[in-house]
Amino acid sequence: MRLTATNPIALSRRQFLTGLAASGIALNASSSLAFTNGLPFTEAEDLQLFASAMRTPTGGYALAVFSEDGEILYQTPLPDRGHAIAFDRNSMRLLSFARRPENFAVLVDLTGAREPVVFTAPEGRHFYGHGVFSPDGHLAYAPENDFEYVRGVIGVYDLTGAQPARIGEFDSFGVGPHDLLLSPDGTQLVVANGGIETHPDKGREKLNLDSMKPNVSFIDTATGDFLGMQTLGADLHQLSLRHMSYDGNGDVWVGGQFQGAKDATPPLMVHLGLDKEATALELPLEITQGLQNYVGSVEMNRSGDVIAASCPRGGKILYWDVAKRSLIGFHQVADGCGVAPLDEDSFAITDGSGAISFGRSGDDMAQIISQNAGISWDNHLTALGILREG
C-alpha cells in the first residue's frame, strides 16, 4: 500500500518554500532551505518544526509536520491511528508507527524523492508504536510482540531499498517492549519492556497483570547481545515502564503506567542507567492522587537539565530537575500528552483539542501558542529542528 501527500495549503511568505512539502518536493536542494542545529528560537525567519500523528477534522488519521506557530506544512494520511514518529536528519525521513493493536508503519521522505510507503511487521509479530533509525539512517529498529511465544523482540529493517525489508530480529529481554532509545554513539539500544502480555486476537486486553515483570534492558545494536538490565522491586511489578528520555548526563528517565489498584498512589517516574539501579522518584501525594497512575511522554529540554513528563489523564505536565532528581513544577494542560524540546529551557506541548502550548518549569502556566480547530494531536511529539531561509 502506498500513500501520497495531501495538496498544498496557503502559507505566509516565510513558509512558502516549506509548504512545497505538501506537493512532494519539499526540503530539497532547490528550496534553499536547510535544517540547522542550535539556532535561537527567537530569530524571526527561523522555523521550529515538529511532527505528530493526528486525527483530522473529518475523523481520519494523518501524519503532520507543522511549525511552532501551528501552521501545518505537510500532511499525509495514515491507514489508522498513529502513535510515535522517528526522524532521521541524514535522509530527511520520518517513520510513523501505528497505535497498537494496529500493525503498520509509514516511511515518509521529506525530500520528495519517494512517495510514502506503508509496511507491516511480519506474521506472528506486531509493532508496539515506536522505533528508531540507525545513525546512518539505513536501518530501523522497532519493538515488536512475538505474541505466540510471549516475548518481546526488536525487528531490524533495511530502509535502503524501494520497500523496507525486515532483515532480522533480536530479543528485547522482556515482555511488551514499548519505547526505545538509541545511545548517542549508536552502539546501544535502551528498551522499556512494559511487562504486559497482549495478543492481537484480544485487542488491547492485558493478559498477565498479576505476573508482570517490567524492566529496562540495554542491548548491543551490532550484535543484539544483552548488556544489562534494570528492574523495580516486587512492590512495583505492576508499574509498566513505557516511555523514556535521556538526560544531559546520559542517564535514562522512564515514565510508568500503573496497572494495579486504581486507588493506589505509586511513584510513576524512574531514573536509571546501565550501571545505575532503577530508582523510583517520589511525588507529593496531592499531585500523585490526580494523575490516574499514568505518564504519557517523557522528554528532556535542549539543555539536558530538565525533564518533562506528560500526564494526560491527570491534565498535568510535570517538570523534573535532572541534577536533584526532584519535581520543580507543573502545568495544567488538559489532555496534554505530546512533549518535545522547543528551545534551550522550554517545551512544546500538544493536546487532544488541537492546541500547541509553550511550557517552561519556572513559569506560572503553559501558554497556548496556537489552536487548530477540529484536529486532535496524538500521544507523541517529535522535534525536527529549526528550518531556516537562506
Side-chain angles (χ1 to χ4, degrees), residues 35-43 46-52 66-70 84-87 89 130 132 179-184 190 192 242-255 268-273 276 279 281 283 287 295-312 316-333 336-351 355-370 377 379-388:
F35 276 98
T36 58
N37 288 309
L39 293 177
F41 169 67
T42 55
E43 289 195 24
D46 291 342
L47 284 172
Q48 179 76 34
L49 299 189
F50 300 92
S52 176
F66 53 95
S67 63
E68 80 277 355
D69 52 10
I85 297 171
F87 174 56
R89 183 181 295 272
H130 289 262
V132 295
D179 199 3
L180 77 170
L181 301 172
L182 181 71
S183 64
V190 186
R242 308 285 281 184
H243 297 108
M244 302 183 294
S245 175
Y246 281 114
D247 65 22
N249 301 320
D251 294 341
V252 177
W253 292 65
V254 193
L268 300 175
M269 289 292 292
V270 177
H271 172 274
L272 57 86
K276 295 180 180 179
T279 302
L281 306 178
L283 281 170
I287 294 178
V295 171
S297 298
V298 178
E299 292 288 345
M300 73 171 177
N301 64 359
R302 296 200 186 281
S303 298
D305 58 356
V306 174
I307 295 288
S310 65
C311 303
K316 286 184 173 63
I317 308 294
L318 309 180
Y319 300 102
W320 297 81
D321 183 287
V322 166
K324 297 178 180 178
R325 302 181 198 172
S326 61
L327 186 73
I328 53 174
F330 66 89
H331 289 146
Q332 300 288 153
V333 180
C337 196
V339 179
L342 183 59
D343 58 16
E344 287 301 302
D345 63 349
S346 65
F347 298 88
I349 304 161
T350 50
D351 64 43
I356 304 169
S357 300
F358 169 95
R360 185 167 49 197
S361 60
D363 293 348
D364 293 335
M365 64 182 66
Q367 303 291 329
I368 293 179
I369 301 172
S370 69
W377 300 115
N379 295 68
H380 297 291
L381 182 63
T382 300
L384 306 186
I386 295 174
L387 190 66
R388 186 179 215 181

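Remark: side-chain polar atoms of Ser303 are paired, donor with acceptor, to backbone N or O of Glu344 under 3.5 angstrom. The main-chain N or O of Asp251 is never found under 3.5 Å from a side-chain atom of Asn249 such that the two would form a donor-acceptor pair. In terms of modelled atom types and a separation under 3.5 Å, the side chain of Asp179 and the main chain of Met244 share a donor-acceptor contact. Put simply, the side chain of Gln48 never gets that close to the backbone of Glu68: no donor and acceptor are under 3.5 Å apart. Although no hydrogens or angles enter the test, the distance criterion places a donor-acceptor pair under 3.5 Å between the side chain of His243 and the main chain of Gly296. Between the Thr382 side chain and the Ile85 main chain, a donor and an acceptor come within less than 3.5 Å of each other. The backbone N or O of Val270 sits nowhere less than 3.5 Å from a side-chain atom of Arg325 that would complete a donor-acceptor pair.
Here the closest heavy-atom approach between residue His331 and residue Tyr319 is recorded as ND1-OH, 2.9 Å. For the pair Ile317 and Val333, the tightest heavy-atom approach, listed with the atom from each and the gap, is CG1-CG2, 3.8 Å. The nearest pair of heavy atoms linking Leu384 to Phe87 is O-CE2, 3.3 Å. Contact record, Pro341 with Ala383: O-CB, 3.9 Å, taken as the closest heavy-atom pair. When all heavy atoms are compared, the tightest approach of Asp351 to Gly336 is CB-CA, 3.7 Å. Closest of all the heavy-atom pairs between Ser183 and Tyr246 is CA-OH, 3.2 Å.
Note: Asp305 CG to Asp345 CG = 8.0 Å, rounded to the nearest 0.5 Å. Annotation: the span from Phe330 atom CZ to Ser361 atom OG amounts to 13.0 Å, rounded to 0.5 Å. Considering CG of Leu283 and SG of Cys311, their distance stands at 8.0 Å, rounded to 0.5 Å. For the atom pair CG of Asp343 and CZ of Arg360, the computed distance is 7.0 Å after rounding to the nearest 0.5 Å. Atom CG in Leu181 sits 7.0 Å away from atom OG in Ser245 (nearest 0.5 Å).
The shortest distance between side-chain heavy atoms of Trp377 and Phe66 falls below 4.5 Å. Between Leu281 and His271 the shortest side-chain heavy-atom distance falls below 4.5 Å. Within the 4.5 Å cutoff, side-chain heavy atoms of Val252 are placed close to those of Val254. Between Trp320 and Asp247, the closest side-chain pair of non-hydrogen atoms is not below 4.5 Å. Contact of the Met269 side chain with the Val298 side chain is registered, since non-hydrogen atoms from C-beta on lie closer than 4.5 Å. Two residues are said to be in side-chain contact when any heavy atoms from C-beta on lie closer than 4.5 Å; Ser297 and Leu381 fail this criterion.
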Applying side-chain contact (heavy atoms from CB on, under 4.5 Å), run through Ile307 and Val322 and close with a yes or a no.
CA-CA 7 Å; Ile307 295 288; Val322 166; 3.8 Å; yes
With side-chain contact (heavy atoms from CB on, under 4.5 Å) as the test, would you mind laying out the steps for Asp363 and Phe358 before giving the verdict?
CA-CA 10 Å; Asp363 293 348; Phe358 169 95; 3.7 Å; yes
side-chain contact (heavy atoms from CB on, under 4.5 Å) assessment of Leu268 paired with Leu318:
CA-CA 11 Å; Leu268 300 175; Leu318 309 180; over 6 Å; no
What verdict does the side-chain contact (heavy atoms from CB on, under 4.5 Å) test give for Asp69 and Ser370, after you've listed the backbone C-alpha separation in whole Å, the side-chain angles of each residue and the deciding distance to 0.1 Å?
CA-CA 6 Å; Asp69 52 10; Ser370 69; 5.6 Å; no
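Heavy-atom contacts from other residues, nucleotides or ligands closer than 6.0 Å to CD1 of Ile368 number 12 or fewer.
Between His130 and His380, the two ring planes are perpendicular [angle over 60°; tilted spans 30° to 60°].
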